[in-house]
There are 2 protein chains.
Amino acid sequence: MTPSPKTTKAVFDRLRAAGLRPTRQRLALAKLLFAQGPRHITAEALFNEAKARRINVSLATIYNALHDFTESGLLREITVDANQSYFDTNISAHHHFYFEKSGRLQDVPADEIHITQLPTPPKGGTISRVDVVIRVAD
Amino acid sequence: MTPSPKTTKAVFDRLRAAGLRPTRQRLALAKLLFAQGPRHITAEALFNEAKARRINVSLATIYNALHDFTESGLLREITVDANQSYFDTNISAHHHFYFEKSGRLQDVPADEIHITQLPTPPKGGTISRVDVVIRVAD
DNA sequence: AAGTATTTTAGAATAATTCTAATTTATGTT
DNA sequence: AACATAAATTAGAATTATTCTAAAATACTT
Ligand SMILES: [Mn+2]
Ligand SMILES: [Mn+2]
Ligand SMILES: [Zn+2]
Ligand SMILES: [Zn+2]
C-alpha cells in the first residue's frame with residue numbers, strides 16, 4: 001500500500017498548525033506516532049520502529065521531536081517508570097492503567113474515574129494536571 | 001543532644017520487624033529517614049544528608065538500603081519525575097501534590113481526594129495501587 | 001538563487017542507577 | 001569468646017537513558 005496522501009497532508013498540516021517546521025524526519029515520525037490509534041511509546045521504541053521502516057533518523061532527532069511535539073501540545077509526557085519516559089499520542093484528558101510487569105500503559109477514559117473531591121493547591125499554585133495511575137500487578 | 005536511645009531502639013526494632021539486619025549504616029539511614037515527620041527524598045539527597053552528618057555510607061549502600069526498605073514495606077517509591085526516584089517515608093494510603101518547578105512533593109491525605117468510580121482492571125490483573133498526582137505549576 | 005534561521009546529526013558528555021568482586025560485619029553455633 | 005557462614009558494604013567500573021556540542025544539511029523568506 002502506497003502512503004496515503006491524505007495522511008501525509010493531515011500530518012503536515014498538524015505540524016504547521018503546531019508551529020513546527022514539517023521537516024522530513026518530523027513528518028515521518030509524526031506519521032508513525034499519529035497514523036494509528038492512541039499510543040504510549042518510549043524514545044527507544046520509536047527509534048526502533050523508525051529503523052524497522054528504513055526511516056533514517058538519528059536518536060537525537062527522536063528526542064528532539066518528542067520534546068518539540070510535547071512542548072507544542074501534540075504529545076503528552078507520562079512518568080510512570082523511573083527508567084524511561086513514555087509519550088502519549090492521546091492528549092485529551094484521561095488516565096492510565098500501568099501494567100507493572102510488562103511496562104505497558106492503557107488508557108482509562110476520563111469519565112471512567114470520578115473524582116468528586118480534590119484539595120485546593122497551596123496559595124500561589126495552579127493545578128496544571130491531575131494524573132491518576134492505576135498500577136496493575138499482572 | 002546525645003542520640004535518643006528510644007529512637008535508636010525503635011528504629012532497630014523496626015528494621016528487625018521488617019526482616020532486615022540492623023546494620024550500622026541501615027540504622028543510621030533509617031534514623032535520618034524516620035526520625036522526623038513524613039519525607040520525600042531522593043537517593044542523592046539522602047547521601048548528602050548523611051555526609052553532612054558525618055555518616056560514612058557509600059552511595060551503593062544508599063541505593064541498597066532504599067530498595068531494601070522499599071521491598072520490605074518501610075518505604076514507598078514514587079515516580080513523578082523522569083530524572084530521579086523519590087522515596088516516601090509515609091507508607092499509608094495517600095496522594096501527592098507535585099510542584100513542578102521545585103520538584104517538591106507534598107502529601108495529600110487519602111480522605112481529601114474522593115474517587116467514587118474506578119474502572120475494573122482487565123481480566124487477570126489486580127490493582128496494586130492507585131496513585132493520584134496533582135501537578136502544580138508554581 | 002541567496003541568505004538566514006532552524007533542524008539534523010554523530011558522537012561525546014552527563015547523570016542516575018546498577019553491577020562486580022573483594023572486604024567487612026552480623027549473627028548463630030560451638 | 002572464638003568460629004563459621006551468610007548477608008551487607010564498598011569503591012569503582014559499567015550501564016542506560018538522555019542531553020549536549022558544534023558542524024552539516026535543510027526549510028523558508030526575500
Ligand atoms: Mn524530557
Ligand atoms: Mn529502583
Ligand atoms: Zn494515554
Ligand atoms: Zn507522600
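When reading the values below, keep in mind they use all heavy atoms of this one structure, side chains included, and skip hydrogens, waters and symmetry mates. In what follows, chains carry the letters A, B, and so on, assigned in the order in which the sequence lines appear, proteins first and then strands, with residues in each chain numbered from 1.
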May I have the list of side-chain donor-acceptor pairs in residues 21-29 of chain B shorter than 3.5 Å, sequence neighbours left out?
unit_1	atom_1	unit_2	atom_2	d
T23(B)	OG1	R26(B)	N	3.2
R26(B)	NH1	R21(B)	O	3.0
R26(B)	NH2	D68(B)	OD2	3.0

Taken to the nearest whole Å, CZ/F47(B) to P/dT18(C) is 15 Å
dA16(C) C1' sits how many Å from L46(B) CG, rounded? 15 Å
Gap between atoms CG and P, on L66(B) and dA16(C) respectively (whole Å): 14 Å
For K31(B) and T8(B), does a side-chain donor sit closer than 3.5 Å to a side-chain acceptor? yes
Rounded to whole Å, the CD1-C1' distance (I41(B) to dA16(C)) equals 16 Å
Protein-nucleotides 13-17 of chain D N/O pairs closer than 3.5 Å?
unit_1	atom_1	unit_2	atom_2	d
dA17(D)	O3'	N83(A)	O	3.3

Contact letters for nucleotides 24-30 of chain D, in which S counts primed atoms plus P, OP1 and OP2 and B counts the base, heavy atoms under 4.0 Å: --SBS--
Do D131(A) and R135(B) sit within salt-bridge range, that is, some charged N less than 4.0 Å from a carboxylate O? yes
Identify the two heavy atoms, one from N90(B) and one from R76(B), that lie closest to each other, and give their separation to 0.1 Å. O-NE, 4.2 Å
To the nearest angstrom, the CG-P distance between L29(A) and dT7(C) comes to 14 Å
Would R14(B) pass as a cation-pi partner of F34(B), given that its NZ or CZ must be under 6.0 Å from the six-membered ring centre and within 45 degrees of the axis? yes
Is R104(A) close enough and on-axis enough to Y98(A), meaning under 6.0 Å and within 45°, for cation-pi? no
Aromatic plane relationship, H94(A) with H40(A) - under 30° parallel, 30 to 60° tilted, over 60° perpendicular: tilted
Does the distance from a Lys or Arg side-chain N to an Asp or Glu carboxylate O, for E100(A) and R129(B), drop under 4.0 Å? no
Please name all residues satisfying side chain to side chain contact (heavy atoms under 4.5 Å, CB included) with A43(B), sequence neighbours left out, ordered by chain then number. I62(B), Y63(B), L66(B)
Distance, rounded to the nearest Å, where R26(B) contributes CZ and dT24(C) contributes P: 19 Å
Greater than 12 external heavy atoms within 6.0 Å of N56(B)'s CG: no
Counterpart residues, ring-ring contact (aromatic ring centres under 6.0 Å, His included), relative to H95(A) (two or more places apart): none
Nearest whole Å is fine: how far is dT7(C) C1' from H67(A) NE2? 16 Å
Nearest-Å distance for atom pair CG/C1', residues D68(B) and dT18(C): 13 Å
Close approaches to DNA chain D from residues 54-62 of chain A, in residue order (heavy atom, under 4.0 Å): L59(A), A60(A)
